> 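One structure coming up, written as structure tokens, with questions to follow.
Because the structure is predicted, anything quoted here is derived from the model rather than measured. All heavy atoms count here, side chains included; hydrogens, waters and symmetry mates do not. Numbering of residues begins at 1 and proceeds along the displayed sequence.
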Amino acid sequence: MKKILFVCLGNICRSPLAEGLMLSKISNMDNEEQFKIDSCGTADYHIGELPDERTRENAQENGLELKHRARQFDASDFNRFDHILVMDNANKMKIIGFATSEEHLQKVQLMRDYETEINLQGIDVPDPYYGGEEGFQNVYDILDRCTENLLNYHLQAIEN
Ligand code: 4NP
């Protein structure tokens with residue numbers, strides 16, 4: 001089974017959207033049961049909350065319903081997941097701070113490492129929380145691309 005955890009700061013904008021996109025892409029496939037998908041935040045500001053209303057509205061406009069309830073990253077997530085996809089470099093550094101082995105470290109990647117265009121790899125998924133409405137569609141487009149590439153990467157690994 002592929003166990004994938006998406007991480008951002010608040011777990012109400014970027015990572016629950018990545019989770020929702022991934023779940024939606026997987027729900028159209030035969031090997032749905034081969035994946036375990038979740039998301040969380042490094043901060044505790046929004047524990048128990050649904051995603052931000054603007055994120056949910058934008059997702060709805062794109063045909064996606066988000067039902068995740070925010071939770072905070074826990075060091076035990078290193079044992080519960082194989083792949084930890086973090087939305088930006090600052091939160092990646094926080095997650096790396098919880099690692100206690102080389103095995104843990106190898107699980108941590110940036111979400112935009114899965115961009116097709118090399119010049120976009122390694123940069124942050126912008127935080128839309130304090131920005132305007134157009135920021136949410138931009139984040140949606142980025143995460144739609146990156147989750148598609150992430151899924152295809154794992155599907156190839158399953159087939160081989
Ligand atoms: P997220 O966005 O990390 O994509 O969920 C944010 C959500 C909340 C806050 C910051 C970023 N906040 O400061 O409350």
Side-chain angles (χ1 to χ4, degrees), residues 1-26 34-56 58-59 66-131 135-136 138-158:
M1 186 189 282
K2 304 287 176 187
K3 301 174 195 167
I4 301 170
L5 179 65
F6 297 103
V7 185
C8 61
L9 176 62
N11 193 212
I12 54 168
C13 293
R14 294 165 292 177
S15 64
L17 178 58
E19 175 193 350
L21 281 162
M22 198 70 174
L23 287 172
S24 162
K25 291 171 195 292
I26 290 166
Q34 301 221 40
F35 289 88
K36 169 180 164 179
I37 310 293
D38 195 9
S39 69
C40 67
T42 57
D44 63 1
Y45 317 139
H46 298 283
I47 292 173
E49 293 178 23
L50 281 170
D52 186 283
E53 204 172 313
R54 298 162 297 171
T55 295
R56 274 187 291 146
N58 174 263
L66 302 179
K67 297 176 180 169
H68 179 78
R69 292 283 175 171
R71 74 170 180 91
Q72 191 174 20
F73 180 83
D74 186 273
S76 67
D77 285 319
F78 272 120
N79 301 322
R80 299 172 53 228
F81 294 91
D82 307 312
H83 303 280
I84 301 177
L85 276 298
V86 192
M87 298 298 143
D88 59 42
N89 284 280
N91 285 295
K92 185 183 171 192
M93 292 316 292
K94 283 196 210 165
I95 295 299
I96 282 174
F98 286 100
T100 54
S101 69
E102 185 59 33
E103 194 193 346
H104 288 175
L105 284 177
Q106 284 176 1
K107 296 182 178 187
V108 185
Q109 286 183 297
L110 275 178
M111 184 77 259
R112 295 188 88 174
D113 287 346
Y114 287 88
E115 287 277 14
T116 310
E117 275 188 53
I118 287 174
N119 63 332
L120 296 178
Q121 290 170 2
I123 65 176
D124 294 349
V125 179
D127 185 347
Y129 191 68
Y130 297 107
F136 288 87
N138 180 41
V139 166
Y140 186 94
D141 293 337
I142 292 167
L143 293 177
D144 192 28
R145 283 199 303 272
C146 291
T147 54
E148 184 74 19
N149 287 339
L150 176 69
L151 177 59
N152 286 331
Y153 171 83
H154 285 295
L155 288 177
Q156 278 173 10
I158 288 170

> Tell me the closest heavy-atom pair linking Met87 and Ser15, and the distance in Å.
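Closest pair (atom of Met87, atom of Ser15, distance): CE-CA, 4.1 Å.
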> Taking all non-hydrogen atoms of both residues into account, name the closest pair between Val139 and Pro126 and its distance.
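Nearest heavy atoms, Val139 then Pro126: CG2-O, 3.4 Å.
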> Would you sort out whether Lys36 and Asp38 count as a side-chain contact (heavy atoms from CB on, under 4.5 Å), showing the intermediate values?
CA-CA 7 Å; Lys36 169 180 164 179; Asp38 195 9; 5.7 Å; no
> Kindly give the heavy-atom pair with the smallest separation between Cys13 and Asp52, and that separation in Å.
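Closest pair (atom of Cys13, atom of Asp52, distance): SG-CB, 3.8 Å.
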> Out of curiosity, Asp141 CG to Asn58 CG, how far, rounded to the nearest 0.5 Å?
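Those atoms lie 8.5 Å apart.
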> Less than 3.5 Å apart, any donor N or O on the side chain of Asn11 or His68 sitting next to an acceptor on the other?
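Yes, side-chain donor-acceptor contact under 3.5 Å.
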> Decide yes or no for Leu5 and Arg80: does some side-chain heavy atom of the first lie under 4.5 Å from some side-chain heavy atom of the second?
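They are not in side-chain contact.
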> When you measure from the side chain of Asn149 to the backbone of Glu115, do you find a donor-acceptor pair of N or O atoms at a distance under 3.5 Å?
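Answer holds: no.
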> Are side-chain heavy atoms of Tyr114 and Gln109 found at a separation under 4.5 Å?
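In short, these two side chains touch, coming nearer than 4.5 Å.
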> If you take all heavy atoms of Leu105 and Ala99, which pair is closest and at what distance?
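For Leu105 and Ala99, the tightest heavy-atom pair comes out as CD2-CB, 3.7 Å.
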> Rounded to the nearest 0.5 Å, what separates atom CG in Asn152 from atom OG1 in Thr116?
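Between atom CG of Asn152 and atom OG1 of Thr116 there are 9.5 Å.
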> Would you give the length of the straight line joining atom CG of Asp124 to atom CG of Leu110, rounded to the nearest 0.5 angstrom?
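With rounding to 0.5 Å, CG (Asp124) is 7.0 Å from CG (Leu110).
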> Using a cut-off of 6.0 Å, state whether more than 12 heavy atoms not belonging to Lys67 lie near its atom NZ.
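Atom NZ in Lys67 is not packed in, count stays at 12 or less.
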> Answer yes or no: is there a donor N or O on one side and an acceptor on the other, between the side chain of Arg71 and the main chain of Cys40, under 3.5 Å?
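No.
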> What is the distance from atom CG of Leu50 to atom CD1 of Ile12, rounded to the nearest 0.5 Å?
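Rounded to the nearest 0.5 Å, the CG-CD1 separation comes out at 10.5 Å.
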> Report yes if some heavy atom in the side chain of Leu21 is under 4.5 Å from a heavy atom in the side chain of Tyr140; otherwise report no.
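Touching, per the 4.5 Å side-chain cut-off.
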> For residues Leu17 and Phe136, determine if any side-chain heavy atom of one lies less than 4.5 Å from a side-chain heavy atom of the other.
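When only atoms from C-beta onward are counted, Phe136 and Leu17 do not touch, as no gap falls below 4.5 Å.
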> Could you walk me through whether Asp127 and Arg14 pass side-chain contact (heavy atoms from CB on, under 4.5 Å), step by step?
CA-CA 7 Å; Asp127 185 347; Arg14 294 165 292 177; 3.8 Å; yes
> Donor-acceptor pair, Thr147 side chain versus Met22 backbone, under 3.5 Å?
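No, the answer is negative, given that no donor and acceptor are paired below the 3.5 Å cut-off.
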> Show your reasoning for whether salt bridge (charged side-chain N to carboxylate O under 4.0 Å, His left out) applies to Lys3 and Asp77.
CA-CA 10 Å; Lys3 301 174 195 167; Asp77 285 319; over 6 Å; no
> Once rounded to the nearest 0.5 Å, what's the spacing between atom CD1 of Ile4 and atom NE2 of His154?
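Answer for the CD1-NE2 pair, Ile4 versus His154, is 4.0 Å.
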> Is the cationic atom of Arg54 (NZ for Lys, CZ for Arg) positioned less than 6.0 Å from the six-membered ring centroid of Tyr129 and within 45 degrees of its normal?
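Arg54 over Tyr129 ring: yes.
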> Before we go on, tell me: are the rings of Phe78 and Phe73 under 6.0 Å apart, centre to centre?
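Centroid distance Phe78-Phe73: below 6.0 Å, so yes.
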> Keeping Asn91 on the side-chain end and Val86 on the backbone end, is there a donor-acceptor pair under 3.5 Å?
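Side chain of Asn91 to backbone of Val86, a donor-acceptor pair under 3.5 Å: no, none is there.
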> Ignoring hydrogens and geometry, is there a side-chain-to-backbone donor-acceptor pair from Lys107 to Phe81 under 3.5 Å?
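Indeed, once roles are kept as given, a pair shorter than 3.5 Å links the two residues.
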> Quick check on Gln34: does its CD atom have over 12 non-hydrogen neighbours (other residues, nucleotides or ligands) under 6.0 Å away?
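Yes, enclosed.
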> Considering all heavy atoms of both residues, which atom of Val125 and which atom of Asp88 are nearest to each other, and what is their separation?
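That would be O-CB, 4.5 Å.
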> Nearest 0.5 Å, what's the CG-CG distance between Leu155 and Leu150?
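One gets 9.5 Å once the value is rounded to the nearest 0.5 Å.
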> Should Asp144 and Lys25 count as an ion pair when the cut-off is N to O under 4.0 Å?
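Salt bridge flag = yes for Lys25 with Asp144.
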> Check Leu66 against Pro16 and note the closest heavy-atom contact, atom names and distance.
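Taking Leu66 first and Pro16 second, the nearest heavy atoms are CD2-O, 3.7 Å.
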> Under a 3.5 Å distance rule, please check whether Gln121 uses its side chain to pair with a backbone N or O of Arg112 as donor and acceptor.
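Judged by distance alone, no pair lies under 3.5 Å.
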